[in-house]
Amino acid sequence: MPAIPDLPALAHSIKAWGNELGFAHVGIAGVDLAEHEQHLERWLQAGYHGEMDYMGAHGSKRSHPDQLVPGTLRVVSLRMDYLPGDTRMAQQLAQPEKAYISRYALGRDYHKLVRKRVQHLAERIQKEIGPFGFRAFVDSAPVLEKAIAEQAGLGWIGKNTLLLNRKAGSYFFLAELFVDLPLPVDPPQVSEHCGRCSACLDICPTQAFVGPYVLDARRCISYLTIELKSAIPEELRALIGNRVFGCDDCQIVCPWNRFAKPTAENDFKPRHALDSAGLAELFMWDEKTFLDRTEGSPLRRAGYERWLRNLAVGLGNAPSTIPVLEALKARVDYPSELVREHVEWALKQHALRSGR
Ligand code: B12
Ligand code: SF4
Ligand code: SF4
């Protein structure tokens, strides 16, 4: 029979191993997320999830880790920084002919990379104590990741609905290791440090926040450019500006992100100069170029057709320069109805602005 592990010492080692594997912060939570379950239910009832049917598709599993993976007693919550240093976010956003790609998406897709690291952590624990029950998750499963992170003491859920940490801001991914070990839990974060600030709510280009802590995803640019499969609602197109994949405005403006640290992961650094590319240049990529240059990148999630849809919106909001107009005209006969309709809309914006 394997020896019963010294649980406090094991918890301590898990955190140290997590840090060695590139996680900036590791905490341990129990499985009671009752308060968050109610918030989730209200959010779903209001329909704020839009087309993201998966958000409501798993019954109560999302707020009960022990229903998702029976036998789970604790959740090890981990965060990994992703912000590449010197990405000139504000400058890129302020140049309407440039494409703004949200900073988490400039390099390699995080899902596999982070999950593999969590898996390594589990293997390290196994080496120490022998077989035990575990599951590793990053974003892709029905898990209330921010609520778990708050319970594990990694930070608080801010008014922008993201997990914030006083020493690190919010530019990080969250991941979890569900375990069947009765490890000692960390004190949950009970204080919140948004105070009277409302910068994120005020800056949101599409006014997607219904109020503090509540986001109507259907208006969020991240949803519109990444999750939404159909046409982008016309009344929101002008508000999207040059944001073509995700949006960072409610993080850029957050005072706690002054403390964000650049990522140590080379894989998250920008590929193909995506942090400074022009809209017209990206719109002229053919499908093969798109597939080649987005291999292993989060941008693949959009697919080529929606990539063009998003860029057409950006081009419609750009100044009427020759490269912008030529790029749009080159795609007026594009075979996809979705793309054509957005190109027509974009050309109409230029015609309206020039009074034609
Ligand atoms: C669905 C989803 C989205 C949707 C909806 C976002 C949302 N706020 O729910 C869309 C597509 C819009 C989106 C966008 C983004 N996302 Co996202 N997303 C998720 C996902 C899959 C689920 C989030 C969720 O559970 N939503 C359900 C609703 C109910 O939760 P909520 O709005 O956060 O509300 C919570 C609190 O605000 C509170 N609450 C709710 N109502 C009320 C009311 C009151 C009065 C109070 C006090 C509290 C309260 O309780 C709720 C439950 O904990 C998670 C991964 C995961 N599995 O958790 C990633 C995740 C949240 N996303 C992430 C990221 C990085 C982003 C973007 C920054 C990407 C980008 N640059 O474009 C944007 C940020 C937009 C924003 N401000 O949230 C990271 C966030 C990391 C962090 N530091 O927090 C996550 C954790 C993925 C990951 N593994 O790293 N996302
Ligand atoms: S990501 Fe952008 S659009 Fe979405 S809530 Fe934040 S500021 Fe608004
Ligand atoms: S911008 Fe202000 S209100 Fe919004 S999350 Fe940051 S501290 Fe909180």
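We count ligands from 1, going down the list as the structure has it; atoms in each ligand are counted the same way.
- In this pair, Y104 and F245 present their aromatic rings tilted. The plane angle is within the 30 to 60° band.
- In terms of protein heavy atoms, atom 3 (S) of ligand 3 is closest to C197 O, 3.2 Å.
- Residue L215 is found in a hydrophobic cluster whose other members, listed by chain and number, are L201, F209; membership requires side-chain heavy atoms under 4.5 Å apart, directly or through intermediates.
- Annotation: side chain to side chain donor-acceptor pair (under 3.5 Å) contacts involving residues 319-332, sequence neighbours excluded, comprise E97-T321, Y304-R331, S320-H350.
- Within the 4.0 angstrom cut-off, atom 91 (N) of ligand 1 has no protein heavy-atom neighbours.
- Of all the listed residues (V143, L228, D248), V143 holds the heavy atom that lies closest to atom 58 (O) of ligand 1.
- Excluding water, every protein N/O/S atom under 2.8 Å from atom 6 (Fe) of ligand 2 is given here by residue and atom: C250 SG.
- F178 has its ring centre less than 6.0 Å from the ring centre of F137.
- Residue, atom and distance of the protein heavy atom nearest to atom 7 (S) of ligand 3 are W256 CD1, 3.6 Å.
- Grouped with L174 in one hydrophobic cluster are L154, I157, L163, F172, the linkage being side-chain heavy-atom contacts under 4.5 Å among Ile, Leu, Val, Met, Phe, Trp and Tyr residues.
- Looking only at protein heavy atoms, the nearest one to atom 8 (Fe) of ligand 3 is C194 SG, 2.3 Å.
- Protein heavy atoms come within 4.0 Å of atom 68 (C) of ligand 1.
- Per-atom contact check: atom 77 (N) of ligand 1 touches the protein, criterion being a heavy-atom distance below 4.0 Å.
- For atom 55 (C) of ligand 1, the nearest non-hydrogen atom from the set I101, L78, D139, T161 comes from D139.
- Under the 4.0 angstrom criterion, atom 18 (N) of ligand 1 counts as lacking any protein heavy-atom contact.
- Between Y110 and F173, the angle of the ring planes stays under 30°, which puts this pair in the parallel group of the 30/60° scheme.
- Nearest protein neighbour of atom 80 (C) of ligand 1, counting heavy atoms only, is L162 CD2, 3.7 Å.
- Within a 4.0 Å radius of atom 29 (C) of ligand 1, the protein has at least one heavy atom.
- Under a 4.0 Å criterion applied to the non-hydrogen atoms of T206, ligand 2 contributes the atoms 3 (S).
- In this structure, the protein non-hydrogen atom closest to atom 31 (P) of ligand 1 is K146 NZ, 3.8 Å.
- Within a 4.0 Å radius of atom 2 (C) of ligand 1, the protein contributes no non-hydrogen atoms.
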